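Structure record follows, encoded as structure tokens.
Atoms considered below: every heavy atom in the structure, side chains included; atoms not considered: hydrogens, waters and symmetry mates. Proteins get letters first, then strands, A, B, ... in listed order; numbering begins at 1 in each. Please read these numbers as outputs of a predicted model, since none were measured by experiment.
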Amino acid sequence: MFKPVPGSVSFPKLEEEVGAFWKASEIYHKSLAKREGAQPFVFYEGPPTANGMPHPGHCLTRAIKDLFPRYKTMRGYRCERKAGWDTHGLPVEVEVCKQLGIHSKEEIEAHGVEPFIQLCQKSVWRYMQEWERMTERLGFWVDLEKAYVTYHQSYVESVWWSLKNLFDRDLLYQGHKIVWWWAQGGTALSSGEVGQGYREVADPSVFVKFPLLDDDGKQTDTSLLVWTTTPWTLPSNQFAAINPKLSYCNVFDEETEETYIVATDLVETLEGKLKRPLKKVAELDTSGLIGSHYRPPFDCYYDKSRSDEWKVVAADFVTTDSGSGVVHQAPAFGEVDYDVLVQQREVSGSDIPLINAVGPDGKFTDEAPEFVRGRWVKECDKDIIRNLKERGLLYHQEQYLHDYPFCWRAEDDPLIQYPRESWFIKTTAFKDAMLENNQQINWLPEHIKGGRMGKFLESNVDWALSRERYWGTPLPIWECSSCGRQSAVGGYDELEAKPNVSGFEVWEAAKKKNPELPEDLKIHKPYIDAVEFDCEHCGEGRMQRVTEVIDCWYDSGAMPFAQWGYKGQDIGEAKERFESQFPADFISEALDQTRGWFYSQLAISTMLFGEDRGSRDEGRESDASPRPAPPYPHPFKNCIVLGLMLSEWYEDKKDAKKLYLTEEEAKAACGKKGFRHAVGKMSKSKRNYREPNEIFDRYGADALRWYLFANQPPWTSIRYSEEAIKDSIPEFLLRLWNCYSFMVIYANIDEWDPAEECGVRNSECGMLDASVFAKAESYRPVFDRDEIDRWILSELNRTVALVTERMDAYDNFGACGAINEFVDALSNWYVRRSRDRFWAKDKRATDKLDAYWTLYECLLTTTKLIAPFVPFLADAMWQNLAGVFQEGARSEGPGASANEPSSLDPRSSILFPESVHLCDYPEPHTALVDEELSERMALVRLISSLGRRAREMENLKVRQPLSKVEVILANTRQQAWLEEHAGVIADELNVKAVEYSDQPEKYVDHQVLPNFKLLGKKLGKLMPKVKAALDQASGSELLANIRDNGRINLSVDGQEIELLPEEVEVRITAKEGYASANDKGVVVVLATELTPELVAEGTARDLVRAIQDTRKEKGCEFTDRIEVGIVSDDETVLAAVDQFADYVAGETLSDSVKLGEIAGVTPIEITHGDVTVKLYIKVKK
RNA sequence: GGGUGCGUAGCUCAGUUGGUUAGAGCGCAGCCCUGAUAAGGCUGAGGUCCCAAGUUCGAGUCUUGGCGCACCCA
């Protein structure tokens, strides 16, 4: 016996039970144990940070990350899923600062780095529980207990090892980076922080004369007209940039009597500003101009160095949108300006110094012109302009409105771009290798490859690795205090073995003071900073660690090896784990990770394990890359790039602040039309989305998962639409549940039990498929069963094949579509059409047993099919459907089985998979797929639907039988099919006969159209005329032509044209005046005349429905028997009872159906058409 | 300013190598069916396929140029 299925089901409750069962029975571990030794399917978890609340967007990533590993596991692969946590970085520090109520680095230092990082370490786990609960509740199977954590010592050491490798290969170097600098706070700001602080301000916009020098270094009478909006950077000028693609000219200004060089296109604009004409003297050869020398506006550096360093350079970022087409370059204060310097260094082969007249405090240094020294740069703009004016170098000045960033913590402080010493990884040396690697990755959607990722790689710049912060992986570089030479350290033990090493006592003291401190902190600031040792280079100084930590993106990008603590070992577990789990078959994150985790992984892997390691001959110690060096792609082969998650809500039209998450709620609060629909970014403050936990409680994880998988390809932007999540219950989950519930109800009534049928209860029964079922005598070969059985099994196997194909292509959307279509066919055609067979009296009728086996097999296979998608529902169904094979050996239900002893060997005490997740994914039985049968059944369904449409239009209820339906088909091949299915159609449409009209002309018009696809090439330009000719000719004549001659002959434009039958398409349309409907080459015509017999039968059916309703209202069991009495003075009712009493009795489980009252029973009044009938129904107990 | 993606029904989206009646779901209006049904089915209204030009016998689909939106970068 199956466990009875409750009348109404709560999916959230069911899921809690299934989840508890998984936990207690260790199903996840068993699913791995089962695949011991199998081919691995490698998955990498992109580590989230747990110091923020999990967000609906994380549900999507985690759901997709769960889906494919589950699928691949069922397909026979072994898929480990090691969880991971990203724990370092500025966001953590900011959280802690908030907690402490401090901002700047000075304040952190004042508070003490040691207590600060201890707080950071704790803060990392703030929302751990919420994350674990969300992960579990969503059904994301991942090994949380063995999660990798980026601050753990083994992880940090692994990162160190990789950095040492890069350092030793001369790929790690120090340089300048231009950052957005908060001078007052003494810190750089991240791009996110900068983005928050943009404000529109008016800055000066000045045109300054830079006199050109002749070959002897003498000033000429021609000046570059140079534009800038940051006059304070002029003392640090190093170049003037022009765009060689623009044209430039000399203009003579009669007022100043000087000649200037400007972009030709800007002359007119300039004239407008000056309100006087300029005289164009000559077009200039830009290539000749490039390299020309000029005199910079201030001499503070000019005097001290070689004058030929100030020159005109080419730069394509110069535009004619504003300014003069000649742009002032101060490499210290602009990223693009700095790039120009780097280029010039390369071109000249000399180390041109970076000129910087400003200190880190934002004040001019003593190198600056005297009148600005020691002053905040932004305050000096005016004085600098005045000074230029006095010296005759200022040509024009105005105000310029633009957006400029201010500090988000001190909003009066403008930020400045400022050079900081920084460590870089020479990723540019690997640009081609990364591009090649990228080329081999299967990106979904595909456009990421050549688009966002490809373009990003094309414009690769060296990775600025270091951060002047506290909570992060310390940069493992030690520098000699005496000779200044540097060494990289690849591990803690390596450090301990250094000559005369000291400083470990700082950690030991801290640990002694607070034994609770995690060991992992010893490799962090400030403890690690105390460790120093004798210089290996000069033997005199002490080696001390540089102060920086590294970019936490490097941490996460190192996870392919760092998760195992791999440090290039030749043997051992770390090596084996790493090598067997590299590269990943599958990863998935959202689009924003393109420049984040996707890039950091790709870059690190290409540099460390690449085919082309950018071999360099001047490596410091060794230039060997670590093993392995597998072919591209690595470290991941397939990557689903998820779209952004948006939210959907409803706003009160009168007050947009009032918002509702479902239309229902909005309607209740604002009336039917008092609200508007909105889609947009999720916002915590707006609260325009429902927390994941609440979604789980209201609708369940499966509803959410199905919504995420089935409603759109995962890379389009996905709305977190509560409405749509809710809809996935009736549209899919409940529909399937109803089929399952139907099966269980009737199987139990009929005492049909597959295990008993097979005689294999509690013994070996494999994966519960046809090979086991065939042991049952009642399990007949599919080919002997009813057509509808063969049909649904054909659909099932077609679906299995399609789903497998789609999932192998990482197309969950397509797979879900196929599953959904199948469940719809099962529910709305198979079960509905087969109900009579389940209700048949003879419990052992072959036809009935066929139906049970067919439905059972469909359901069981479906549970396996949907297991990766909706794992809870699938397992709940499986427990009951398959559970009968284990009766007695199992306790009741998933929740109750928590007491079972746990065993990691799925075969030891369990004879069949105790969970659907331990099953193999179904294989399609192609022999059972019958495409023609699918097509036929589709036609039958189409005819039924057309028939109902015709009834609808004539207002003829389906309950009223009609004498016949006539069907006209455009495709004569289909006629024979129909004859075989007449019974089904007659039944569906409630007609006595299905006929094929011998006078189609009476009901339909024929239209012959050219088959454009076939004829397009043959006819070319004649096409429209042929179409017109066919239009004009009589359809039935053309048809007769085809019938008699096998072709159509036309004369078009004096040309004889012959059309073969396959070159035309025949359409039929129903004529007016009949109860008919048509579509896709089918016309259905209903006979509408009613005889008294038909009316009586219709009435009888109406009575059946009324009695059934009453049974239901009275709460009858399906098997309760009743007595029926009917009182009416209507002739048709009397006739109906007279003629169809047996029929009514049979349909309603009545022992008797008679005219007249039943004593002691309160009658129920029903209406049939416009007459009233009294029903007496007595339930027999 | 540059890059990438996207503009199809009131909303959210499908739409095969270009083929002539552009589909689905939701919503709206109306109806039907129902002893598996918190279901299901049918019908209706609703479309300048963002605009323009081009290629072609034929363009939602291809090309070019606009316009608009989103994201990333500057």
Side-chain angles (χ1 to χ4, degrees), chain A residues 5 7-10 191 316-317 319 321-322 335-336 445 447-448 450-456 458-459 591-592 594-595 643-644 646 648 663 672-673 676-681 711-713 715-719 721 723-724 727 729-731 734-735 737-746 813 817 820 824 827-829 831-832 835 838-839 944-953 955-959 988 990 1009-1027 1065 1067 1069 1077 1079-1080 1104-1105 1107-1113 1116-1120 1147-1149:
Chain A
V5 176
S8 71
V9 55
S10 154
S191 59
D316 52 13
F317 55 80
T319 67
D321 291 345
S322 50
E335 234 181 311
V336 288
H447 62 72
I448 301 287
R452 208 167 271 213
M453 181 52 95
K455 290 276 163 23
F456 178 58
E458 293 279 1
S459 60
L591 185 65
D592 57 350
T594 313
R595 286 145 196 268
L644 223 80
L646 303 173
E648 174 191 71
E663 197 172 349
K672 226 175 179 182
K673 284 186 176 162
R676 81 170 64 83
H677 180 241
V679 173
K681 282 185 189 170
N711 271 44
Q712 60 277 306
W715 47 81
T716 58
S717 59
I718 292 175
R719 266 158 320 287
S721 154
E723 203 81 35
D727 284 343
I729 296 175
E731 276 169 16
L734 200 56
R735 192 184 284 179
W737 184 264
N738 286 333
C739 295
Y740 155 71
S741 151
F742 176 89
M743 155 101 213
V744 169
I745 287 170
Y746 289 99
F813 180 52
N820 196 36
D824 178 69
S827 173
N828 285 321
W829 195 251
V831 173
R832 196 165 65 77
R835 278 182 295 194
F838 292 98
W839 295 338
S944 306
S945 149
L946 289 174
R948 281 196 296 267
R949 192 191 303 179
R951 272 183 175 275
E952 162 92 18
M953 288 188 292
N955 205 7
L956 289 163
K957 293 190 177 190
V958 177
R959 239 177 275 125
E988 273 295 308
N990 195 15
L1009 285 167
N1011 180 331
F1012 290 96
K1013 214 165 186 172
L1014 285 177
L1015 288 175
K1017 274 182 191 160
K1018 182 170 152 187
L1019 297 176
K1021 293 194 179 189
L1022 280 174
M1023 200 72 167
K1025 288 184 176 164
V1026 170
K1027 181 178 186 254
E1065 186 188 339
R1067 284 194 191 152
T1069 42
D1079 192 15
K1080 294 175 188 160
V1104 169
R1105 194 191 61 80
I1107 296 167
Q1108 300 287 40
D1109 273 355
T1110 316
R1111 279 186 65 114
K1112 210 172 174 181
E1113 269 168 39
C1116 289
E1117 291 299 317
F1118 298 107
T1119 46
D1120 286 344
E1147 290 291 307
T1148 57
L1149 282 192

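As rounded to whole Å, 10 Å separates atom C1' of B:C72 from atom CD1 of A:I448. Rounding to whole angstrom units, NZ of residue A:K455 and C1' of B:G3 are separated by 7 Å. Look at CG on A:N738: it is 12 Å from P on B:G41, rounded to the nearest Å. Atom-to-atom, CD1 of A:I729 to P of B:A39 comes out at 10 Å; the value is rounded to the nearest Å. Atom C1' of nucleotide B:A70 and atom CG of A:D592 are separated by 14 Å, given to the nearest angstrom. Remark: C1' of B:G58 and NZ of A:K1025 are 15 Å apart, rounded to the nearest angstrom. Put simply, CZ on A:R948 is 19 Å from P on B:C31, counting in whole angstrom units. For A:N820 and B:G40, the CG to C1' distance is 14 Å, given to the nearest whole Å.
Nearest to the side chain of A:L591, among B:A39, B:C71, B:G3, sits B:C71. The side chain of A:N828 approaches B:G41 more closely than any other nucleotide in the set B:C73, B:G41, B:G3. Looking at the side chain of A:R595, the nearest of the listed nucleotides B:U34, B:C73, B:A39 is B:C73. Distance from the side chain of A:H447 is smallest to B:G5 among B:G5, B:A36, B:C26.
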Assess whether side-chain contact (heavy atoms from CB on, under 4.5 Å) is satisfied between A:F838 and A:V831, documenting all intermediate values. CA-CA 9 Å; A:F838 292 98; A:V831 173; 5.7 Å; no
If you apply the rule side-chain contact (heavy atoms from CB on, under 4.5 Å), what do you find for A:Y740 with A:V5, and how did you get there? CA-CA 9 Å; A:Y740 155 71; A:V5 176; 3.7 Å; yes
Could you give me the CA-CA distance, side-chain angles and deciding distance for A:K455 and A:S459, then say whether side-chain contact (heavy atoms from CB on, under 4.5 Å) is met? CA-CA 7 Å; A:K455 290 276 163 23; A:S459 60; over 6 Å; no
One pair to check against side-chain contact (heavy atoms from CB on, under 4.5 Å): A:N828 and A:R735. What are the steps and the verdict? CA-CA 9 Å; A:N828 285 321; A:R735 192 184 284 179; 4.3 Å; yes
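Under a 3.5 Å cut-off, the side chain of A:N738 and the backbone N or O of A:L734 do form a donor-acceptor pair. Checking side-chain atoms of A:R452 against main-chain N and O of A:I448 turns up no donor-acceptor pair under 3.5 Å.
Nucleotides B:C57 and B:G18 have their C1' atoms positioned 12 Å apart, rounded to a whole Å. Distance check on atom P: B:G60 versus B:G27 gives 31 Å, rounded to whole Å. B:C67 and B:A24 have their C1' atoms separated by 29 Å, with the value rounded to a whole Å. Only the C1' atoms considered, B:U55 is 15 Å distant from B:G65, to the nearest whole Å. The separation of B:G1 from B:G66, taken at their P atoms, amounts to 12 Å, rounded to a whole angstrom. Rounded to a whole angstrom, the distance from the P atom of B:G7 to that of B:A14 is 7 Å. B:U61 sits 23 Å from B:G25 when the C1' atoms are compared, rounded to a whole Å. Atom name C1', nucleotides B:C32 and B:G5: the rounded distance is 45 Å, in whole Å.
For the pair A:I1107 and A:G451, nearest-nucleotide mapping onto RNA chain B gives the more 5' position to A:G451.
Searching all strands for a Watson-Crick or G-U wobble partner of B:U43 with both distances below 3.5 Å returns B:A29. Both distances falling under 3.5 Å, in either a Watson-Crick or a G-U wobble arrangement, place B:A52 opposite B:U64. With a cut-off of 3.5 Å on both Watson-Crick or G-U wobble distances, the partner of B:A24 is given as B:U12. For B:G1, the paired nucleotide is B:C73, the pair qualifying as Watson-Crick or G-U wobble because both relevant distances are below 3.5 Å. Taking a pair to require two hydrogen-bonding distances under 3.5 Å in either a Watson-Crick or a G-U wobble arrangement, B:U37 remains unpaired.
In the interface, the side chain of A:R835 is paired with the base of B:U37 through a donor and an acceptor atom under 3.5 Å apart. Side-chain N/O atoms of A:S827 and base N/O atoms of B:A39 include no donor-acceptor pair closer than 3.5 Å.
Note that the CZ atom of A:R948 and the CG atom of A:N990 stand 12.0 Å from one another [nearest 0.5 Å].
Proximity of A:W839 to the phosphate of B:A36: a side-chain N or O atom is located under 4.0 Å from OP1 or OP2. At least one side-chain nitrogen or oxygen of A:R959 sits closer than 4.0 Å to the OP1 or OP2 atom of B:C33. A sub-4.0 Å separation between OP1 or OP2 of B:G40 and a side-chain N or O of A:R735 is present.
Taking the six-membered ring where tryptophan is involved, the planes of A:F742 and A:W839 are tilted, since the angle between them lies from 30° to 60°.
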Base contacts versus sugar-phosphate-only contacts with protein, heavy atoms under 4.0 Å: please encode nucleotides 12-20 of chain B as B, S and - from 5' to 3'. SSS--B-BB
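Using a 4.0 Å heavy-atom criterion, one finds that A:Y746 contacts the sugar-phosphate atoms exclusively.
Contact record, A:W829 with A:S944: CH2-OG, 3.8 Å, taken as the closest heavy-atom pair.
A:R835 has its side chain out of reach of A:Y746: every pair of non-hydrogen atoms, C-beta onward, lies at least 4.5 Å apart.
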